[in-house]
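Note sheet for the following structure.
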Amino acid sequence: MATPDFSDLEAVDAVRLTWNVWPNSKVEATKCVVPFAAVYTPAKRLPEMPVLPYEPIRCKSCRSVLNPFARVDFIGKIWICPFCYQRNHFPPHYAAISEQSLPAELFPQYTTIEYTLPTVGPPANPVFLFLLDLCLIEEELGYLKTAVSQAIGLLPENALLGLITYGTQVHVHELGYADCPKMFIFRGTKDVSRAQIIQHLGLAGPGAAGAGSTGAGAAAGGAGGAGAGGGAGGGGAGGMMRDGVPAASVARFLLPAQECEFTVATVLDELSRDAFPVAPGERAARCTGTALSVATALLGACVPGTGARILSFVGGPCTEGPGMIVGRDLSEPIRSHKDLDKDAVPHYSKAVKFYDGLAKQLVAQGHVLDLFSSALDQVGIAEMKVAVEKSGGLVVLSESFGHSVFKDSLKRVFDAGDTSLGLSFNGIFEVHCSKDIKVQGAIGPCSSLDRKGPSTSDAAIGQGHTTAWKLCGLDVCTSLAVLFEIVPAQQPQQQQQAAAQGLQNPAAQQFHLQFSTSYQHPSGETRLRVTSITRRWVEGASSGDLVAGFDQEAAAAVVARITGFKMETEEEFDATRWLDRMLIRVCNKFGDYRKDDPASFCLSPNLSLFPQFMFNLRRSQFVQVFGSSPDETAYFRMVLNRESVLNSLVMIQPTLTAYSFNSPPEPALLDVAAIAVDRILLLDSFFSVVIFHGSTIAQWRNAGYHNQPEHQAFAQLLQAPQADAAAIIAERFPVPRLVDCDQNGSQARFLLAKLNPSATYNSASAVPGGEVILTDDVSLQVFMEHLQRLSVQS
């Protein structure tokens with residue numbers, strides 16, 4: 001039997017379910033082991049999706065949106081909600097509907113539809129506030145200034161732009177004051193409250209613009225700067241107001257990109273390293289936390305509720321003020337995983353608490369924190385994770401501001417066209433479900449809105465105890481995993497009686513889920529996207545039907561997210577043991593075997609790859625933190641939690657493609673046996689793309705054979721993986737690292753670390769002359785043998 005292609009369903013509705021057939025009893029649902037969940041991409045590009053220029057019709061009881069699964073009485077002009085069974089009257093302008101004249105939202109093929117919602121006033125302008133670290137060496141600062149200048153040139157025409165720089169102190173640049181460079185300075189060691197920041201910037205309300213000149217944090221580039229600034233601001237105090245702040249005051253710090261492009265270019269050209277000296281044996285005084293507080297307060301005062309992003313460029317750890325992760329003395333090492341396990345981290349809890357408060361402030365304002373980290377050491381991503389993830393921000397980790405990972409990723413943020421990220425703002429994501437289903441929570445770049453209701457489960461996973469979440473920032477790749485609990489309203493005996501008597505009609509054998517997302521579209525319009533899907537209930541004991549609807553790829557992605565969440569929130573959680581026990585239970589429940597006979601064990605095609613996914617997840621950087629810093633682990637998990645099923649699967653189990661003279665490019669097993677001296681391998685592990693040349697291929701290349709006319713075939717063989725790697729890099733964010741290496745070279749470790757160790761230094765199966773991996777890890781074959789033996793035990 002051919003396995004169903006669940007990716008076809010994703011192409012229509014941007015949703016993948018771990019199980020596409022659900023048991024109708026809680027006991028049988030528990031026996032399924034793998035959670036019932038949906039991975040939904042709310043802003044995915046769907047070419048066939050209609051965009052309607054009017055508001056949706058909502059159920060007056062549960063507030064779900066009219067959809068193709070509603071039962072319609074065309075004579076009485078009534079529709080019945082499939083979620084709460086409430087009878088609703090159509091509004092007067094729907095009086096002409098009939099079976100032959102349906103509105104678009106009732107077309108069976110339009111299960112995903114988008115509405116353009118009316119807004120007051122002109123479309124909102126996106127706001128980009130750049131936050132630059134100045135505690136860098138001159139070379140790195142030059143790379144950063146160049147990259148930021150290019151990014152500003154790519155900003156949308158209607159975008160507003162602001163600039164803050166920081167080192168030992170925080171400098172808020174007043175771009176609206178063109179006579180001379182003017183900035184407001186905040187001491188980095190001081191924990192400044194939001195009210196103080198607003199007061200010092202002169203944004204405390206009507207007439208406060210003029211007060212900016214006397215604020216304790218103000219400083220000007222020239223002697224007359226403060227007075228001139230006060231006059232300019234005072235003139236606007238009586239004019240237009242924007243969210244309680246005079247428009248003229250807002251325009252001092254946030255200007256249209258086209259108007260202030262020359263001013264910003266001048267400021268960037270004149271930027272130099274932080275002026276405060278760094279003593280030998282000490283780290284630079286870097287006040288990242290204070291800078292983020294000032295940036296958040298500035299946006300909160302000027303543009304609350306409007307789509308805005310803080311693009312933070314960090315080149316080292318915060319060493320003073322709120323959010324500090326390490327002291328200035330170099331003799332104090334930055335925390336490691338071992339320190340976190342031993343609770344030997346004096347700054348960690350305080351820093352996480354600070355960034356959690358910052359996250360709440362950003363979510364309340366509807367603003368996003370993006371983090372671009374470029375340093376050889378850690379910068380504090382592990383502590384900042386809560387603020388970036390809850391605000392829906394982007395995160396990029398690279399070694400240098402001059403590295404292609406950083407430069408190309410920053411360009412991709414503002415790119416237009418087919419490869420653009422489609423940055424959207426201020427999303428609210430809601431879930432409606434049938435009465436026998438409850439929502440346990442969501443894992444992803446979102447923040448709970450604490451909206452409880454009949455569909456809220458008592459058991460929370462991720463951001464739980466709610467059916468609505470805030471998505472301050474989202475793009476075409478942003479995906480959320482929503483977890484469900486099956487809680488039938490009927491008792492099992494009543495269900496069996498109803499089934500035996502044939503009382504259940506076809507509609508009662510279906511359940512429904514609806515995902516609705518309102519957000520600020522990149523065009524500035526407010527849109528509402530609604531996806532409504534239906535799936536089938538089955539009798540719990542019918543394992544064949546359940547397996548036929550099992551999506552092993554979506555299940556692997558969801559299990560990976562849950563594993564990362566449990567590792568971060570549960571003390572003494574043993575991820576490897578938890579994964580092993582879950583896999584044994586799945587195979588015991590759904591495998592086909594004779595008891596106590598491992599040789600008889602086999603799995604359905606729909607389940608056959610799931611053990612392999614779990615084997616690679618156990619070995620991945622999401623579970624095995626040895627060799628990774630806390631920053632790297634936090635980065636990997638943040639990216640995993642926001643990516644689609646397909647991308648998540650590439651992170652868990654990388655793809656391997658082989659190139660040789662004997663055959664066209666073909667998929668290869670992710671095994672050390674795939675390595676051959678006359679082969680080129682292309683490994684895509686999402687975060688890196690590795691081109692690996694066999695030793696013979698490398699010798700021929702080094703001899704320059706590809707430059708000779710009679711060896712054009714060899715030149716084409718060398719070029720093919722380069723072209724495929726470039727295609728992968730061009731469409732991915734964050735841009736992966738490209739590693740071009742040879743067999744037996746030092747960088748070959750990027751490939752060997754991902755391969756199944758079927759041949760190791762102490763195994764008898766090693767092929768003479770073949771590659772071996774120096775590891776004590778078990779191979780996939782040994783893992784499967786143990787799994788079969790444990791699954792068939794009585």
Could you walk me through whether L268 and I152 pass the side chain to side chain contact (heavy atoms under 4.5 Å, CB included) check? CA-CA 11 Å; L268 288 175; I152 289 172; 4.2 Å; yes
Which heavy atom in [X] sits nearest to a heavy atom in [Y], and how many Å separate them?
X    : Y    : result
R642 : P445 : CB-CG, 3.8 Å
A257 : L155 : CB-CD1, 4.0 Å
D475 : L421 : CB-O, 3.0 Å
L471 : C446 : CD2-CB, 3.4 Å
F733 : S409 : CE1-O, 3.2 Å
G289 : F354 : O-CZ, 3.4 Å

Just say parallel, tilted or perpendicular for the rings of [X] and [Y], cut-offs at 30° and 60°.
X    : Y    : value
Y115 : Y54  : perpendicular
H432 : F83  : tilted
Y40  : F515 : parallel

Is a side-chain donor-acceptor pair under 3.5 Å present for T168 with D274? yes
Can you confirm whether the side chains of S398 and S374 place a donor and an acceptor under 3.5 Å from each other?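 S374 and S398 do have a side-chain donor-acceptor pair below 3.5 Å.
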Report yes if the side chains of H367 and T296 come closer than 4.5 Å at any heavy-atom pair, otherwise no.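 SC-SC contact between H367 and T296 ruled out.
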Member of L410, V388, L423, T478 meeting the side chain to side chain contact (heavy atoms under 4.5 Å, CB included) criterion with L394: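 Passing option: L423.
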In a check of side chain to side chain contact (heavy atoms under 4.5 Å, CB included) between W469 and each of V431, L480, T517, D450, which one passes?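 For W469, the side chain to side chain contact (heavy atoms under 4.5 Å, CB included) check succeeds only for V431.
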To the nearest 0.5 Å, tell me how far [X] [atom1] sits from [Y] [atom2].
X    : Y    : atom1 : atom2 : value
H173 : C260 : NE2   : SG    : 12.5 Å
L131 : I164 : CG    : CD1   : 5.5 Å
L66  : Q514 : CG    : CD    : 9.0 Å
F130 : S149 : CZ    : OG    : 9.5 Å
C433 : K438 : SG    : NZ    : 8.5 Å
L52  : I113 : CG    : CD1   : 4.0 Å

Evaluate the criterion salt bridge (charged side-chain N to carboxylate O under 4.0 Å, His left out) for residue pair E430 and R63; output intermediate values, then yes/no. CA-CA 10 Å; E430 298 178 75; R63 303 298 297 161; over 6 Å; no
May I have the step-by-step check of side chain to side chain contact (heavy atoms under 4.5 Å, CB included) for R45 and S420, ending in yes or no? CA-CA 11 Å; R45 291 191 183 95; S420 73; 2.8 Å; yes
Can you tell whether the side chains of K145 and D269 come within less than 4.0 Å, N to carboxylate O? no
Answer yes or no: are there more than 12 heavy-atom neighbours, outside R194 itself, under 6.0 Å from its atom CZ?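 More than 12 heavy atoms, drawn from other residues, nucleotides or ligands, come within 6.0 Å of this atom.
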Decide side chain to side chain contact (heavy atoms under 4.5 Å, CB included) for F184 and V294; before the verdict, give the C-alpha distance in whole Å, the side-chain angles of both, and the deciding distance to 0.1 Å. CA-CA 11 Å; F184 290 74; V294 172; over 6 Å; no
Checking side chain to side chain contact (heavy atoms under 4.5 Å, CB included) for the pair L46/E114: CA distance, chi angles, key distance, verdict? CA-CA 10 Å; L46 301 173; E114 203 161 83; over 6 Å; no
